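Written out below as structure tokens is the structure these notes cover.
A quick note: this is a predicted structure, and the numbers were derived from the prediction, not measured. All residue numbers refer to positions in the sequence shown, counting from 1.
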Amino acid sequence: MPQDQSMANAFVPGQAILSAGDEALLQRRTDTLGPAYRLFYEEPFHPVRGEGVWLYDEEGTAYLDAYNNVACVGHCHPRVVEAMARQASMLTTHTRYLQNNIVDFAEDFLASFPDPLSHIMFTCTGSEANDLALRIARVKTGGTGVIVTENAYHGVTIALAAMSPSLGAGAPKDENVFTIPAPTGQHGEQEGEIMRANVEKALATMAERGIKPAALYVDTIFSSDGIFSHPKGFLKPAVDAFRAAGGLFVADEVQPGFARTGEEMWGFIRHGVVPDMVSMGKPMGNGYPVAALVVRPHVVAEFGERTRYFNTFGGNTTAIATAQAVWDIIRDEGLLKKTLETGRAFRADLKSLAREGDDICDIRGSGLFIGVQIAGDDPRGRTARLVNALKKKRILISASGPGGDVLKIRPPLAFGADALDFFMSGLREAIKDI
């Protein structure tokens, strides 16, 4: 995935011993998919089945998935599969016909947001949702200027790639995009004022260049910047400063949303702010492509008067049935509370491990979104080696941060005590191995 530093531990042809079947598959993949795709790990992983927090290879060996928030309620959850199949067997069609399920779901889902956020627009991906937010922001504000953090990831459209520095030097550039440093977690209660000052500095540069502000985009747990969650509320001063200049705040909840942070259903709530727009994607359909943008009515009013919005597959009946099943499971299985409790136990175990040696210099995060910063003379290299060592222990994670030195731990919300024990045992062994 482009929103992290997974290339630090990516597969390099010729460096791993693969089975004859996987060698042939790799060659076919290269021949058909071309040069832009990448594989995780020095030894590529070939899963054929998933269940809960486990992925299985062709031989039936189980690997603990501690990375994929896409299958947020667990791989192949039977209620999701049943809802998807049932609706697909009856009707799959678009939003230009009257359908009960899209309105029922919209009403149910919007109830989880603060009152000002009361419209929802459906897309297929988080990239589409963020792109739609940019279009709306430009109409509402009359501006074009965008602020993002220095290692942000917000999507793969041509506009969003220019707003996603984590894609690297090859990503397109845009004179309307301005970057600010992400928080560092080192300044305590001053994080908010530092971020506000950085936003105001970027706004001043915009003004000097004659650019009017449109949108401040923030992934509310700073996933690709290295995972920064505390202190709660530090985002608010920056949002206030940007709004005072006439811009809109877009909370990118693709990664921190859907109970991921444990304390709240949505990451922005932890910061005491109500966004102008909220984008979401991956976890919404547990693997089925459904995403959305939640907006304040007055923000989208002019856009709606000027432009018809239609997305052939966004909000189709099968997508909505799937999203409803995911939403029901999150509530019925108490995953918000479970995520909070498991996340606390997880970080406690990690802190205990950190005290046993000098391999870990910081542990960050909330709920089941955890960043573990690796210490040493070559932290990027050590992190990459550790990610690959964990894979050999049948544990799947990745890395994050501009330095590629943060273990990115983001398992399905079904992750429980047994999975935690398996993870910690493997991590201890992997640290010894490297």
Side-chain angles (χ1 to χ4, degrees), residues 69-74 77 79-80 82-84 86-87 92-95 97-130 132-133 136 220 249-270 273-300 304 309-311 313-339 367 412-413:
N69 71 323
V70 178
C72 74
V73 298
H77 194 293
R79 286 177 63 183
V80 176
E82 193 276 332
M84 185 190 307
R86 182 178 67 250
Q87 183 60 49
T92 299
T93 191
H94 51 70
T95 56
Y97 301 128
L98 278 175
Q99 297 289 335
N100 284 321
N101 76 341
I102 191 171
V103 178
D104 291 343
F105 175 70
E107 291 172 342
D108 187 20
F109 190 65
L110 287 168
S112 71
F113 291 86
D115 287 340
L117 292 160
S118 57
H119 283 350
I120 185 167
M121 304 170 77
F122 292 100
T123 65
C124 299
T125 68
S127 290
E128 287 182 358
N130 275 328
L132 179 59
I136 293 171
T220 57
F249 169 47
V250 181
D252 186 334
E253 293 284 333
V254 172
Q255 295 193 64
F258 290 93
R260 172 59 52 184
T261 64
E263 297 172 70
E264 303 287 352
M265 190 64 70
W266 307 105
F268 67 82
I269 296 176
R270 301 177 65 256
V273 296
V274 179
D276 297 292
M277 293 179 273
V278 181
S279 60
M280 61 208 70
K282 306 178 199 310
M284 193 170 189
N286 211 55
Y288 190 97
V290 56
L293 182 71
V294 171
V295 300
R296 295 178 183 238
H298 76 91
V299 169
V300 74
Y309 174 70
F310 176 61
N311 185 319
F313 298 109
N316 75 74
T317 47
T318 300
I320 295 299
T322 305
Q324 183 71 71
V326 172
W327 191 235
D328 290 343
I329 292 163
I330 288 173
R331 292 176 299 184
D332 293 349
E333 297 186 3
L335 293 183
L336 181 62
K337 182 180 179 182
K338 288 180 181 178
T339 297
L413 302 182

Check: Tell me, do Val250 and Asn130 make a side-chain contact under 4.5 Å, heavy atoms counted?
Finding: yes

Checklist line | Heavy atoms from other residues, nucleotides or ligands near CZ of Phe313 exceed 12 (cutoff 6.0 Å) | finding: no

Next item on the list: Decide yes or no for Phe122 and Ile102: does some side-chain heavy atom of the first lie under 4.5 Å from some side-chain heavy atom of the second?
Entry: yes

Check: Checking Arg331 side chain against Leu336 main chain: does a donor-acceptor pair fall under 3.5 Å?
Finding: no

Margin query: Regarding Asn316 and Thr92, do their side chains bring together a donor and an acceptor under 3.5 Å, going by distance alone?
Written below: no

Notebook entry, point to check: Measuring from Leu293:CG to Met277:CE, what's the distance to the nearest 0.5 Å?
Noted result: 6.5 Å

Note to self: Determine whether a donor-acceptor pair (N or O, by modelled atom type, separation under 3.5 Å) exists between the side chain of Lys338 and the backbone of Glu333.
What the structure shows: yes

Margin query: So Met265 and Ile330, do their side chains get closer than 4.5 Å, heavy atoms only?
Written below: yes

Notebook entry, point to check: Below 4.5 Å, heavy atoms only, C-beta onward: do Thr93 and Gln99 meet side chain to side chain?
Noted result: yes

Next item on the list: Taking all heavy atoms of Arg260 and all of Gln255, pick out the closest pair and write down the distance.
Entry: CG-O, 3.4 Å

Notebook entry, point to check: Mind checking what makes ring-ring contact (aromatic ring centres under 6.0 Å, His included) contact with Phe109, not counting sequence neighbours?
Noted result: Phe105, Phe113, Phe258, Trp266, Trp327

Margin query: Does atom OH (Tyr97) have a neighbourhood of more than 12 heavy atoms from anything else shown, all under 6.0 Å?
Written below: no

Check: Is any side-chain heavy atom of Asn69 less than 4.5 Å from a side-chain heavy atom of Lys282?
Finding: yes

Margin query: Tell me whether the count of non-hydrogen atoms from other residues, nucleotides or ligands lying under 6.0 Å of CG in Asp332 goes above 12.
Written below: yes

Notebook entry, point to check: Can you list the steps and then say if Asn101 with Gln87 is a side chain to side chain contact (heavy atoms under 4.5 Å, CB included)?
Noted result: CA-CA 10 Å; Asn101 76 341; Gln87 183 60 49; 4.2 Å; yes

Checklist line | Which atom of Leu117 lies closest to which atom of Pro275, heavy atoms considered | finding: CD2-O, 3.4 Å

Next item on the list: Report yes if some heavy atom in the side chain of Asp108 is under 4.5 Å from a heavy atom in the side chain of Asp328; otherwise report no.
Entry: yes

Notebook entry, point to check: Should Val274 and Arg296 count as side-chain neighbours, where that means a heavy-atom distance under 4.5 Å?
Noted result: yes

Next item on the list: For residues Leu110 and Val294, report the shortest heavy-atom separation together with the two atoms involved.
Entry: CD2-CG1, 3.8 Å

Notebook entry, point to check: Between Asp252 and Ser279, which heavy-atom pair has the shortest distance, and what is it?
Noted result: CA-OG, 3.3 Å

Notebook entry, point to check: If you take all heavy atoms of Phe268 and Glu253, which pair is closest and at what distance?
Noted result: N-OE2, 2.9 Å

Checklist line | Value rounded to 0.5 Å, distance of CD in Gln324 from CE in Met284 | finding: 9.5 Å

Next item on the list: Sort out for me which residue in Asn286, Val80, Leu335 forms a side chain to side chain contact (heavy atoms under 4.5 Å, CB included) with Cys72.
Entry: Asn286

Margin query: Under a 3.5 Å cutoff, is there a donor and acceptor pairing between the side chains of Glu128 and Asn311?
Written below: yes

Checklist line | Val103 vs Glu107 side-chain heavy atoms within contact, under 4.5 Å | finding: yes

Note to self: Just verifying a value: how many Å separate Arg79 CZ and Thr322 OG1, rounded to the nearest 0.5 Å?
What the structure shows: 13.0 Å

Margin query: Looking at every non-hydrogen atom in both residues, tell me the closest pair between Ile120 and Ala106 and how far apart they are.
Written below: CG2-CB, 3.7 Å

